[in-house]
Amino acid sequence: MAGTLYLCATPIGNLEDMTLRAIRVLREVDMIAAEDTRNSIKLLNHFEIKTTMTSYHEFNKIEKGHYLVEQLTQGRNIALITDAGTPGISDPGEELVRMALDAGITVTSLPGACAAVTALILSGKPTRRFCFEAFLPTDKKERRRVLEELKTETRTTVLYEAPHRLVRTLTELLEELGDRELTIVRELTKKHETIFRTTIAEALGYYAQQEPKGECVLVLAGVDEGLLQEQEQENWKAMPLGEHMEHYLSQGMTQKDAMKAVAADRGVSKREIYAQLLDDKEK
Ligand code: SAM
């Protein structure tokens with residue numbers, strides 16, 4: 001019988017966040033695949049876990065992934081842990097899960113700490129709808145695309161960032177999105193955990209005096225939906241009415257439906273559009 005792949009969350013700073021189930025499973029499995037074995041040995045020693053470890057990281061994830069899936073197929077139980085937090089969230093776990101599922105292996109998760117969700121709930125920003133952008137892409141074109149999308153994102157957005165890149169990212173966010181409310185959550189679960197409720201511009205002013213230190217999560221307010229709608233209506237209103245109608249007529253809409261769509265875009269009544277079209281015709 002094939003073994004099971006256990007995705008084990010580990011603490012993001014405070015060792016007391018290790019779950020009882022994670023300790024038991026890490027002791028019981030045949031092998032632990034760890035992102036950085038030198039880092040994880042401290043955790044394993046602390047909890048007196050003596051299971052054999054093997055490395056599984058960004059640079060060996062394909063080759064090692066095949067090896068781990070083979071071991072699972074032969075009946076070994078394997079636990080995956082990453083440097084901190086939940087495997088698969090901004091670390092190489094995702095790939096191994098896909099490979100294991102493709103091979104018909106049972107995969108299960110042992111939930112625990114995750115910096116994104118912990119920061120979100122501490123941010124004071126709306127939590128009902130949110131999006132997670134992880135680290136902004138390093139590729140320039142891709143990064144621009146994501147920033148472009150964030151301009152109209154109405155949900156709270158959670159971003160990861162390393163301290164040495166924080167100022168650059170804040171500068172780009174300010175340039176692309178304008179000033180927005182932002183919560184910077186630092187050193188989660190650790191002694192110096194801080195929740196800095198600020199704006200992008202204010203944070204940049206702060207970090208001009210103070211070097212960013214410690215791991216952090218950025219929780220960015222979404223754009224106000226009313227404001228976004230107003231902006232969109234202004235954009236449509238800047239377009240000549242005839243051109244706006246043509247936009248829908250060229251898609252095969254009837255005159256009546258096009259008028260309805262134009263009225264909705266401009267935030268006015270259909271009657272108003274009709275009157276204006278008549279007016280334009282008479283001129
Ligand atoms: N898998 C992890 C998780 O579940 O949160 C995330 C791994 S990702 C490589 C590391 C990033 O998570 C850091 O750059 C930082 O943005 C965030 N992070 C991790 N631990 C944190 C902590 N204690 N406080 C604040 N942010 C943290």
Side-chain angles (χ1 to χ4, degrees), residues 5-19 21-22 25-26 32-40 42-43 46 55-61 79-98 107-125 127 130-138 143 146 150 156-173 182-198 200 203 206-207 210-220:
L5 174 63
Y6 296 87
L7 308 172
C8 282
T10 55
I12 53 172
N14 193 324
L15 288 182
E16 287 181 29
D17 291 334
M18 187 74 170
T19 69
R21 188 170 164 221
V25 167
L26 289 173
I32 297 172
E35 190 179 3
D36 182 343
T37 51
R38 277 175 309 177
N39 186 34
S40 294
K42 296 177 213 150
L43 181 85
H46 182 85
S55 72
Y56 174 78
H57 49 69
E58 192 55 37
F59 307 102
N60 71 357
K61 65 181 181 185
L80 174 68
I81 57 175
T82 48
D83 272 358
T86 299
I89 300 297
S90 296
D91 57 39
E94 169 188 337
E95 195 79 34
L96 184 61
V97 172
R98 193 166 26 247
V107 182
T108 190
S109 157
L110 277 66
C114 176
V117 175
T118 314
L120 172 72
I121 59 168
L122 284 176
S123 69
K125 306 259 176 289
T127 57
F130 66 93
C131 68
F132 176 55
E133 279 295 342
F135 293 97
L136 285 177
T138 43
R143 194 172 172 98
V146 173
L150 290 183
T156 302
T157 301
V158 182
L159 294 160
Y160 281 165
E161 196 44 286
H164 65 280
R165 284 194 301 253
L166 182 62
V167 169
R168 182 190 149 193
T169 296
L170 289 176
T171 307
E172 279 181 344
L173 286 172
L182 169 76
T183 306
I184 302 180
V185 191
R186 284 185 52 250
E187 299 281 81
L188 279 164
T189 75
K190 302 181 197 173
K191 195 172 163 197
H192 297 293
E193 175 177 284
T194 46
I195 302 164
F196 181 21
R197 293 179 77 184
T198 178
I200 306 176
Y206 175 81
Y207 288 117
Q210 201 83 30
E211 192 195 337
K213 276 194 196 129
E215 293 193 283
C216 68
V217 181
L218 309 180
V219 186
L220 191 63

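We count ligands from 1, going down the list as the structure has it; atoms in each ligand are counted the same way. These figures come from a predicted structure and were not determined experimentally.
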Query raised in the report: Does the side chain of Glu193 reach to within under 4.5 Å of the side chain of Leu122, using non-hydrogen atoms?
Result: yes
**Report entry** Part of Leu188 with heavy atoms under 4.0 Å of ligand 1, whether side chain, backbone, both or neither
**Finding:** both
Query raised in the report: Side chain, backbone, both or neither: which part of Cys216 has a heavy atom under 4.0 Å from ligand 1?
Result: backbone
Query raised in the report: Is any N or O atom of Thr86, backbone or side chain, closer than 3.5 Å to an N or O atom of ligand 1?
Result: yes
Query - Which segment of Ala84 sits under 4.0 Å of ligand 1 when only heavy atoms are counted - result: backbone
Report summary line: Heavy-atom closest pair (Ile200 atom, Leu170 atom, distance to 0.1 Å) is CG2-O, 3.4 Å
Query raised in the report: Can you tell if the side chain of Thr189 reaches within under 4.5 Å of the side chain of Pro11, non-hydrogen atoms only?
Result: no
Report summary line: ligand 1 atoms nearer than 4.0 angstrom to some heavy atom of Ser90 are 7 (C), 8 (S), 9 (C)
Report task. Among all protein heavy atoms, pick the one closest to atom 3 (C) of ligand 1 and tell me residue, atom and distance. Result -> Tyr160 OH, 3.5 Å
**Report entry** Beyond-backbone contact of Tyr56 with Glu95, side-chain heavy atoms, under 4.5 angstrom
**Finding:** yes
Query raised in the report: Do ligand 1 and Thr82 have nitrogen or oxygen atoms that lie under 3.5 Å from each other?
Result: no
Query raised in the report: Which residue and non-hydrogen atom of the protein lie closest to atom 18 (N) of ligand 1, and at what distance in Å?
Result: Ala115 CB, 3.5 Å
Query raised in the report: Of the listed options (Glu215, Arg186, Lys190), which comes nearest to atom 13 (C) of ligand 1 when hydrogens are ignored and any heavy atom counts?
Result: Glu215
Report task. Could you name the option among Thr194, Leu159, Ile89, Ile12 that has the heavy atom nearest to atom 6 (C) of ligand 1? Result -> Ile89
Query raised in the report: Could an N or O of ligand 1 be found under 3.5 Å from any N or O of Val185, whether backbone or side chain?
Result: no
Requested in this report: Answer yes or no: is there a donor N or O on one side and an acceptor on the other, between the side chain of Thr86 and the main chain of Ala113, under 3.5 Å?
Outcome: yes
Query raised in the report: Taking C-beta and beyond as the side chain, do Pro163 and Lys213 meet within less than 4.5 Å on heavy atoms?
Result: no
Query - Closest approach of Ala22 to Met18 (non-hydrogen atoms, all atoms of both residues) - result: CB-CE, 4.0 Å
Query raised in the report: Just checking, is any N or O donor in the side chain of Ser55 or Arg38 under 3.5 Å from an acceptor N or O on the other one?
Result: no
Query raised in the report: By number and element, which atoms of ligand 1 are closer than 4.0 Å to a non-hydrogen atom of Glu187?
Result: 24 (N), 25 (C)
Query raised in the report: What protein heavy atom is closest to atom 26 (N) of ligand 1, reported as residue, atom name and distance in Å?
Result: Val217 CG2, 3.4 Å
Query raised in the report: Do Tyr6 and Leu80 come close enough that some side-chain heavy atom pair is under 4.5 Å?
Result: no
Report summary line: ligand 1 atoms nearer than 4.0 angstrom to some heavy atom of Gly85 are 3 (C), 4 (O)
Report task. Using a cut-off of 6.0 Å, state whether more than 12 heavy atoms not belonging to Lys190 lie near its atom NZ. Result -> yes
Query raised in the report: When you measure from atom 10 (C) of ligand 1 to every protein heavy atom, which one gives the shortest distance, and what is it?
Result: Phe135 CZ, 4.0 Å
